[in-house]
Each structure stands twice: as structure tokens, then as C-alpha cells.
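Report on the following structure.
Every heavy atom of this structure was used, including side-chain atoms; hydrogens, water molecules and symmetry mates were not. We're numbering straight along the sequence, starting at 1. Because the structure is predicted, anything quoted here is derived from the model rather than measured.
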Amino acid sequence: MADVMNGAQARSRPMTREEKKVILASSAGTIFEWYDFYLYGSLAAIIGAQFFTAFPEATRNVFALLAFAAGFLVRPFGALVFGSLGDLVGRKYTFLMTILIMGASTFIVGLLPGYAAWGIAAPVILIVLRMLQGLALGGEYGGAAVYVAEHAPANRRGYYTAFIQTTATLGLLLSLIVILIVQSYVNANYPMVPVLDLSGNPVLAADGTPAMISAFNAWGWRIPFLGSIILLGISLYIRLQMEESPAFKKMKEEGRTSKAPMREAFGNWKNGRIALIALFGLTAGQAVVWYSGQFYALFFVQNVVKIDSFSANVFIAWALILGTGGFLFFGGLSDRIGRKPIILAGCLLAALTYFPVFKGITHIANPALHAAQMVPVTVTHAPDGCSFQFNPTGTAKFTSSCDIAKAALARASVNYQSAEGAAGTPATISVGDTQIAAYDAGALSGEALAAEKARFEAELNGALAEAGYPLGGQNETVAKADHFFDIFTGQKLTLVLILTWLIILVTMVYGPIAAALVELFPTRIRYSGLSLPYHIGNGWFGGLLPATAFAISAQTGNIYAGLWYAITIAVMTIVIGMIFVPNNTHKKDIFADDHK
């Protein structure tokens with residue numbers, strides 16, 4: 001008992017300089033790993049155009065998001081593999097394995113030819129590399145959280161583990177800054193590139209001139225991926241200097257490490273129940289708030305609100321800069337009032353504010369688009385004329401007149417309603433008092449198809465333009481940043497502050513989560529125990545959010561409908577967390593069971 005008391009007193013003392021150095025080194029390496037992982041998310045739309053060229057635009061966007069989600073879907077399997085290794089052989093060497101896999105996969109993405117060169121092999125290899133990144137990240141987070149918590153003083157666990165929580169956002173911020181720098185340099189010094197179809201022929205714009213894309217979109221996007229090899233070298237150097245967790249070393253010396261961490265962590269109801277509570281009462285809600293505030297927000301402002309990618313990255317980057325301190329604030333606050341109240345309060349505020357916040361983003365960032373959405377638009381279609389345009393396999397063909405009408409409206413960010421018409425009749429779009437007949441692509445071919453497509457697009461674009469929709473990129477009301485510090489106008493500052501609110505919600509749910517999970521499991525199975533519920537929550541509930549929200553919005557005809565996914569899961573977590581998550585875990589001695 002005296003040894004236990006002495007250990008508890010030692011862990012309540014201030015951290016030594018060497019312990020702080022270990023924690024900062026661990027955080028720095030984790031930032032680089034998140035940077036690697038988030039590069040794809042930041043460039044999803046550009047990469048989608050390179051690797052999913054063969055598919056229609058709406059399907060291409062879903063594919064790009066699903067490839068992003070693929071990295072999250074396999075994270076629980078990484079948690080199983082590397083969590084066991086972390087509890088069997090130690091935290092340090094598991095760290096080295098995860099950073100090597102992550103860094104190598106990212107570098108190869110930068111070298112991978114696109115669909116035009118390698119065909120279907122290119123997107124398949126891309127998804128495999130994303131899955132390898134996900135496996136590595138599945139082992140990374142649990143190790144970092146455990147490593148820091150086991151070094152930190154008992155009364156500052158929330159604050160010090162919050163440094164690990166900042167690494168995800170700082171990794172995203174680093175990826176955005178690198179992208180902005182490379183994008184600015186490449187586009188300023190290299191000419192635009194013509195768009196080619198799969199046969200190598202130039203693609204023509206609506207006016208008959210060759211369609212062009214920027215040099216960054218054509219090839220410059222590869223530079224941040226290739227440059228990650230430098231960060232890999234730095235990360236390996238940092239991690240080779242780290243010491244093993246003192247708690248793990250002591251357990252290993254005494255022969256008390258778990259021989260089967262997975263079976264011990266999840267093979268009995270006592271520990272399995274804790275994992276389920278951690279998943280549904282903490283991490284599921286935390287995950288959807290986190291991904292809504294960072295990734296879906298970035299996708300929304302680019303693809304729905306129609307802000308150019310450079311400006312969108314600038315606005316999100318500033319929101320991250322302003323909001324990131326919240327991780328340390330809420331982590332430190334959780335040391336005083338507990339983890340549970342802060343996490344559940346963040347989920348509640350998200351559920352209450354998401355609809356007005358995202359509508360506010362549209363209103364502030366693109367006033368012309370917001371005003372145009374007040375004009376009623378209706379798609380009238382035959383009873384069985386519409387498909388659910390979510391196509392993860394790429395085999396479905398959406399050629400009906402209803403599908404073509406809805407896809408065109410989704411691309412223009414039009415809110416619309418559906419109405420049922422007579423059987424066998426083609427779909428029509430009503431924009432105010434103007435009606436446009438859609439066409440059935442499956443019943444036409446050759447010149448007839450091309451003529452109908454041109455007629456439909458011309459009539460629809462004319463009706464939308466008359467209703468006030470900003471088309472063709474000429475929109476003086478949309479928020480635009482010419483350089484990184486070009487945010488000091490009323491419109492742009494307001495937009496940055498709205499996005500910062502989303503980041504603050506992220507810091508509320510994510511700042512205390514590492515300490516909360518560490519406190520639920522004993523040392524011998526801590527790496528395995530917390531990794532699986534964390535990565536199921538973030539990898540599955542969170543990782544699928546962008547693709548799911550996009551598909552829901554496209555199906556319902558409401559650009560905000562996808563938010564119901566995040567809100568529903570956040571409310572579920574509030575209810576389960578209130579009932580089942582224990583209170584006052586911040587007062588717990590996480591080493592109390594080590595002597596047993």
C-alpha cells in the first residue's frame with residue numbers, strides 16, 4: 001500500500017523537464033502523422049478528378065469522399081493490431097512502426113499515376129494506400145494518448161493529454177498551410193493545363209474553347225505528398241529519442257504485462273461493457289462533431305457554397321488558428337469539473353446550432369446563392385423515375401430524366417422539392433414560373449443525345465441565372481481571399497468567426513476525450529482497450545460523415561439535410577453518456593489496479 005501511495009504522490013508532482021520533453025516530442029511526431037493523413041482530405045476534390053475520371057461528377061464526388069473514408073473504416077483494425085502490440089512489446093516501438101507505414105504510404109500517393117495512365121488500377125491502389133494510412137493511424141492515437149497520460153501528473157492529465165488532441169487539428173492546419181504555399185507558387189509560375197478526356201483529346205468548355213485547369217490541380221497537388229518524406233525523417237528521429245512509458249517498463253520488469261490484451265480487454269462483459277459505453281456514450285458523438293467542424297465544413301464551403309479552394313483553405317486555416325487553443329482550455333477545465341460534462345455539452349451545442357450555423361455560412365459567404373435559394377424549385381417526376389444517387393461501386397448508371405434533373409440541381413447547389421407526376425412522363429424542373437423538360441439519356445445516343453443535353457443545360461442555366469443563381473464563376477458577392485492575410489473585411493471576418501465556432505465545438509468534445517478514455521481502462525490493457533472504441537467512433541461514425549451527409553443532401557434536395565446524420569448521433573451520445581458514462585473519472589488513480 002505504501003508503494004501505491006508513494007506512486008500516487010509522485011504522479012501529482014509537477015512534471016520534470018525531461019517528461020515535458022518526452023510529451024512534446026510525442027505530440028510533434030503525431031502532428032506529422034496527422035499531416036500525412038489529412039493531405040488527402042484537404043485535396044479530396046482535386047484527387048477525385050485525377051483518379052475517378054471515368055465516373056459522372058456527382059458520383060466522382062462521392063467516390064472521392066469514400067476514398068477519404070476508407071482510411072477511417074480500417075482504423076479499428078489498426079487499433080486491434082497495434083493496440084495489442086503496444087500492450088505486448090511497448091508504446092515506443094509501436095510508434096516507430098505506425099509512422100513508417102504512414103509516411104511511406106503518403107509518399108507513394110504522390111508518385112501514383114492517375115486514371116488516364118493506369119485505368120482502374122489507379123483508384124484501387126489509391127484506396128489501398130488510404131487503408132494502410134488508416135491502419136497506421138489506428139495504432140497511433142491510442143499509443144500517444146496512453147504514453148502522455150502515463151507520464152502526466154494525476155491532477156493535470158486532461159491538460160497534458162490535450163496536447164495530443166491538438167495534434168489532429170495542427171496536422172490539418174499544417175497540411176492546409178503547405179497546400180496554400182505550394183498552390184500559390186505553382187499557379188503563379190506555371191501555366192494552366194488543358195483538360196483531356198480518357199482518350200487524350202481536349203475537353204471543350206460550353207463556349208467551344210478548350211477547358212483548362214490550374215497547374216496545381218493538374219500536377220502540383222503531388223508536391224505536398226512527396227514532401228512528406230522530409231517529415232517522415234524528422235518523425236523517426238524524434239521517436240528514436242523517446243523513452244518507454246515508465247508504467248509499462250515497470251509492469252514488464254515485474255512480469256505483469258497482459259499475454260492476450262485483446263481477449264482481456266474485450267473477451268469478458270466487464271471490460272467489453274466499458275468499451276461499448278466509451279463508444280456510444282463518448283466517442284461516437286465526439287467523432288461526428290469533430291468531422292462536421294473540420295472536414296465537412298471544408299467540403300461544404302468548397303463544393304456547396306462554391307468558394308474557390310484557395311479561399312476555403314484560408315478561411316478554415318484561420319478558424320483553426322483561432323480555435324485550437326480551446327483544446328488546452330477544455331482539457332485543463334476537465335481536470336477541475338470532469339470530462340463527461342464538457343464532452344456532452346459540446347454534443348448538445350452542436351445539435352442545437354448546426355442548422356443555423358451552416359445556413360449562416362451560405363448567407364455570409366455567398367449572398368447571391370443564398371438569395372437565389374429562396375426561389376421555389378420543384379422536380380416533377382414519374383412515380384418510379386428517380387434513383388438514390390449513391391453509387392459506391394461505380395456500376396450504376398443514372399440516366400433517367402429525373403436522375404439527370406436532380407444531379408444538375410445538386411451541382412448548382414439548388415434547394416428543391418420533389419413532386420410526383422404521371423407515370424411514363426419525363427421529369428420537369430420548375431424554377432419559379434419557368435419549366436424545363438429533362439431528357440432520358442438511356443433512350444438517346446449520338447447527336448440526338450448531345451443536342452438534348454445542350455438544350456437542357458442551356459435552358460436550366462438560363463432559368464437559374466434569371467432566378468439569381470451565380471453561375472460560371474462570375475460572382476462578386478462570394479467570399480474570396482487573394483492571399484493568406486486577406487480576411488480583414490466584414491464578410492470574411494464574419495465567415496472566419498462562424499467557422500471558428502465550429503472549431504470551438506470540436507475542442508469541447510475532443511480536448512478531454514483522451515483523458516476520459518485512459519481513465520476507463522487499467523494499465524495492462526489500456527492501449528488495446530481505448531483504441532478500439534475510439535477508432536470505431538472516429539473511423540466509422542466520423543469517417544463516413546462527409547460521404548453520408550453529401551448523399552442525404554443530394555437525395556432530399558436540401559443542401560443542409562445531411563446535417564441530420566451528425567445531429568442524430570450527437571443526441572444519441574448525449575442520452576447514453578448521461579446514463580452510463582461514470583462521473584468524476586478525473587479524480588481516479590489510473591494506476592490503482594497495477595499492484596493487483
* Among all residues two or more places apart in sequence or in another chain, which pass the side-chain hydrogen bond (donor to acceptor under 3.5 Å, both in side chains) test with S105? -> none

* Could I get the full list of side-chain contact (heavy atoms from CB on, under 4.5 Å) partners for T161, not counting sequence neighbours? => V148, A149, A514, A515

* Using side-chain hydrogen bond (donor to acceptor under 3.5 Å, both in side chains) as the criterion, list what pairs up with T169, not counting sequence neighbours. => Q294

* Asked: Any side-chain heavy-atom pair from V289 and S292 closer than 4.5 angstrom?
  -> no

* Under the criterion side chain to side chain contact (heavy atoms under 4.5 Å, CB included), which of Y565, W540, F299, F295 is the partner of L545? -> Y565

* Determine the sole option in I321, I316, L320 for which the side chain to side chain contact (heavy atoms under 4.5 Å, CB included) test with I503 is passed. => L320

* State whether the side chain of T573 and the backbone N or O of G281 hold a donor-acceptor pair below 3.5 Å, judged by distance alone. => no

* Structure fact -> Applying salt bridge (charged side-chain N to carboxylate O under 4.0 Å, His left out) to R157 and not counting sequence neighbours gives E519

* Answer yes or no: are there more than 12 heavy-atom neighbours, outside I230 itself, under 6.0 Å from its atom CD1? => no

* Who pairs with Y534 by side-chain hydrogen bond (donor to acceptor under 3.5 Å, both in side chains), at least two apart in sequence or on another chain? -> Y510

* List in chain and number order the residues that pass ring pair (Phe, Tyr, Trp, His ring centres under 6.0 Å) with Y354, two or more places apart in sequence or in another chain; answer none if no residue qualifies. => F358

* Point-to-point distance, once rounded to the nearest 0.5 Å, from CZ of F310 to CD of Q302 -> 12.5 Å

* To do: Ignoring hydrogens and angles, tell me if any N or O in the side chain of T166 forms a donor-acceptor pair with the backbone of F327 under 3.5 Å.
  => no

* **side-chain contact (heavy atoms from CB on, under 4.5 Å) against N558, all qualifying residues, sequence neighbours excluded** => N415, T556, Y560, A561

* Listed partners of I177 passing side-chain contact (heavy atoms from CB on, under 4.5 Å), at least two apart -> L173, I181

* Closest non-hydrogen atom pair between G537 and A287, with its separation -> O-CB, 3.1 Å

* Does atom OH of Y237 have more than 12 heavy-atom neighbours from other groups under 6.0 Å away? -> no

* So, does S413 use its side chain to make a donor-acceptor pair with the main chain of V305 at under 3.5 Å? -> no

* With sequence neighbours left out, write down each residue that passes side-chain contact (heavy atoms from CB on, under 4.5 Å) with L236, or none if nothing qualifies. => L96, I99, L100, L232

* Structure fact -> Residue set satisfying ring pair (Phe, Tyr, Trp, His ring centres under 6.0 Å) with F77, at least two apart, ordered chain then number -> none

* To do: Would you check if the side chain of Q50 reaches a backbone N or O of N217 as a donor-acceptor pair within less than 3.5 Å?
  => yes

* Asked: So, the side chain of S228 versus the backbone of F225: is there a donor-acceptor pair under 3.5 Å, distance only?
  -> yes

* Structure fact -> Hits for ring pair (Phe, Tyr, Trp, His ring centres under 6.0 Å) against F216, two or more places apart or cross-chain, chain-then-number order -> none

* To do: Report the C-alpha separation of L135 and M131 in whole Å, then their side-chain angles, then the decisive distance to 0.1 Å, and conclude whether the side-chain contact (heavy atoms from CB on, under 4.5 Å) test is met.
  => CA-CA 6 Å; L135 287 172; M131 294 174 75; 5.7 Å; no

* Structure fact -> For K340, the side-chain hydrogen bond (donor to acceptor under 3.5 Å, both in side chains) test, sequence neighbours excluded, returns N583

* Asked: What do you reckon, is CH2 of W564 surrounded by more than 12 foreign heavy atoms closer than 6.0 Å?
  -> no

